[in-house]
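Scroll down for the structure; my scribbles are underneath it.
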Amino acid sequence: MREPRSGNAPTNPAPVRGARVPGSSTAPLVHPPHDLQGNRVTRPSRRWARSLAVTAAAALAASAISLTAHAADEGPEQIVNGTFDTGSDPWWHTQGIAFDTTGGRLCADIPGGTVNPWDVIIGQNDIPLVKDETYAFRFFSSSDPAKVGRALVQLPVDPYTAYVTANPELVPGGATYSYTFTSPVDLPNAQVVFQLGGSATPWRFCMDDVSLKGGAERDTYKPDTGPRVRVNQVAYLPKGPKNATVVTDATTPLPWQLKNGGGQVVASGSTTPRGVDASSGQNVHSIDFGTYAVAGTGYTLTADGETSRPFDIGAAAYERLRADALKFYYTQRSGIAIRDDLRPGYARPAGHAGVAPNRGDTSVPCQPGVCDYTLDVSGGWYDAGDHGKYVVNGGISVAQLMSEFERTKNAATTVPLGDGALALPESGNGVPDILDEARWEQEFLLRMQVPAGKPYAGMAHHKIHDENWTGLPLLPHLDAQKRELHPVSTAATLNLAATAAQAARLFAPYDPAFAARNLTAARAAWAAAKANPARLASPSDGTGGGAYDDADVSDEFYWAAAELYITTGENEFKNYVLASPQHTADIWGPRGFDWGHVAQLGRIDLATVPNALPGRDQVRASVVQGADRYLATLTAHPYGVPYDPPTYDWGSNNLVLNNMVVMAAAYDITGTLKYRDGVLQGIDYIFGRNALNQSYVTGYGEVASHNQHSRWYSHQLDPALPNPPAGTLAGGPNSGLQDPLAADKLRGCKPQFCYIDDINSWATNELTINWNSPLAWVSAFVAGQGDGAVKAPGACQVTYTTHGQWPGGFTTQVTVKNTGTSAIKGWALKWSFLGGQKVTGFWSTDLAQSGATVTARDLGWNKEIKPGRSVTFGFNGDGAPGANPAPDLFTLNGAACA
Ligand code: 9MR
């Protein structure tokens, strides 16, 4: 678990390629300026205090509180995040120092032995200056020991003309310094820089309350939100719920009309006023048109004189989406060439495959002093729009893919995707494609484990990425940065333990050797984590890649123990699960779960994957309680969102989707329709029933995100490159606005408006492997609902009793009871094994096994089961890896037994 959730240090700037450091052509940038190409700089819209313009030349008055300064002081603030309350972005620094914002100030240890002031710089870019306007430049600063600093507002490129140059005499206790100047130029992208180099000896610099006031109000960005009637622009299931939202000033019900593709009115009714929605600041009404169930395309909803964007009523879109959301992973792959025949328009050479100019990932050293070996950590998926590979984030992603597959074995409403469904290089190998894709990442996670004989053997390195942040665009094979392994962490090690334990059971029917390798790795990781329970990733290790720091790993321990228990059934893991505070804690918070909050993964699997845990009924009930929470949130929300915190988090769309995963699990557990309908309503938000009136999934919906932050889907920056493939989820509204573009354009936004579909907004508009994983999971769930009609449960009850179990073998008796009122004439009973069990002999049935799926059929003489009567058959099996629980799901002649 990782606290706090919002406002954590942002880590992912998008630097300009070939940017020069002011005053020096050599000093490399660590948090350098972001790409100007994609940053549409607009002229200031309103001039402020025009009458204050005094001189055309830059005038400077140190500590002057003149009339002019006083007036400038009341002007608009041009500095973004001068208070450092939520981290350091968008401030950047040159290499060799690190930011420390603990305590709400920005501090840095400045090394000695540099020559020029510009050898060490802290700065901020893209500050608009208006010619002849007077500005008040002010900051608090301290130094230890005392030093003379240099602060400038200047041109960001050669000749770096300074409009104000201050030389404050800094002291250990700190002081506030004030200056005024009048800008001689109109400039959209001035820099504020603190030049701190030139000292023979090291010293510490701190600053706070950096302010540049005056000039024009910054341009206000107004998103084009289209018609005020907001719908799911993709599709509603014909027999599912159908809801929409209308933005209106009206406070009494309004009439609405539903029109089909031919423009005919097919349904009508009145809206329900819902008042002001806090997440958008809008007064809204909702529309419920759920009783209309005719499939078709091009429907629209009209209310209050506005007509919605078009939408379908049908299931086809979700059939496509569940494949597209998974196909996303192939083009995120590292270490393999992407084939054009499999992904037309997306071919590219293999990235980081040990071929120049790449400098990895086949033999990657550690950061200096961290280890004395190199590892082959090739393969895996790139995390997001960057080229980093992070074990904690890879962990939840691969777990959700494996769980999507595992759900097809245990839940009643699924339509499995088979071998070939995802057009992968491995298609046709007899293994479901979703497992092939998951394996690509799992193999990488295994490579991140410290080899035997080395310090921390069995633990996993937290991450591997570039030494420094790179710019956009940059195809993976062109990345020339040095790659480095970062220290091991307990969180990464437990992610490896959890996913390897899950892989051990799921791959057993397909590749027993790979399954066994995973189980060995999982056990070694578990033991290593127990021996090193608090090796935490550093929050300041965010140069060149994300920090993914996490101060509380009790949830990672719980998740790993749960997966190890489900797979092995062993007491050590059972006892750990039962004793963990995470087992009974209320983990269903309003913000949902994610890479840093993973107890939910363990709890949901214990509830939905067969196992013999004592008290499993309470575990199942607790998931249902979580679902009740999210359902209540959704029901109260005028936009129908199962997520409603006062501020939206980084990657909010994935939290919304993970809250839907909880509701879906509750449906799988209980069969109670309201939970399923909660999921079906939740997706409406993702696909356009939202304040911005847009879908967050590329290629789905009339207006959809397509400029997600990515170094290789950089179409917005280079028209020769593609946009992200269809089925790519954008992170979504993020109140933190950690990137400069969002900070500039969206400041003051209500939560739902804190989003912009621009490649430079890495805080609101990135794509990641752990955000597409709940999208894939949820879209598979939705596709499993077909047209939304609810299938009656089968009139059957199965008793499955394993009478004897010995190392490597077991014998089981199955009784099928007809609980209905008419006779069953001929039966086929299906269930799945998890863990590689294989039937070796059977009696009173004709039994066939394919992979994990077993089908037992009648033998003719026992084909009839009269109402209230039963048939019994039995079988012997072997190959159980340990746990061999009774399956949760039996289907008789295609219908799940109650
Ligand atoms: O998704 C991560 C989010 O939860 C964190 O708050 C944020 C800041 O640490 O980092 C996000 O992850 C980014 C990672 O650090 C680097 N790759 C891109 C990820 C998505 O933006």
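Note that ligands are numbered from 1 as they come in the structure, with each ligand's atoms numbered from 1 the same way.
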Q: Decide whether an N or O pair under 3.5 Å exists between W595 and ligand 1.
A: yes
Q) For ligand 1, does Y382 get within less than 4.0 Å through its side chain, its backbone, both, or neither, judged by non-hydrogen atoms? A) neither
Q) With only distance considered, is D383 within less than 3.5 Å of ligand 1 through an N or O on each side? A) yes
Q) Looking only at atom types and distance, does a side-chain atom of W469 sit under 3.5 Å from a main-chain N or O of G542, one as donor and one as acceptor? A) yes
Q. Between E766, H387, K389, which one has a non-hydrogen atom sitting closest to atom 21 (O) of ligand 1?
A. E766
Q: Have a look at W650, W762, Y548 and point out the one with the heavy atom closest to atom 19 (C) of ligand 1.
A: Y548
(Q) So does A763 get a backbone contact from the side chain of N734, meaning a donor-acceptor N/O pair under 3.5 Å? (A) yes
Q) Which of the atoms of ligand 1 are close to A384, meaning less than 4.0 Å from one of its heavy atoms? A) 17 (N), 18 (C)
Q.
Below 3.5 Å, N or O to N or O, backbone or side chain included: is there any such pair between D386 and ligand 1?
A. yes
Q.
The criterion is side-chain hydrogen bond (donor to acceptor under 3.5 Å, both in side chains); which residues satisfy it with Y696, sequence neighbours excluded?
A. none
(Q) Between the side chains of R483 and D466, is the shortest nitrogen-to-carboxylate-oxygen separation below 4.0 Å, so that they form an ion pair? (A) yes
Q. Mind checking whether F84 and W91 have parallel, tilted or perpendicular rings, split at 30° and 60°?
A. tilted
(Q) For V392 versus H462, what's the shortest heavy-atom pair and its separation? (A) CG1-CE1, 3.7 Å
Q: Show which atoms of ligand 1 fall inside a sub-4.0 Å distance from at least one heavy-atom site of T768.
A: 20 (C)
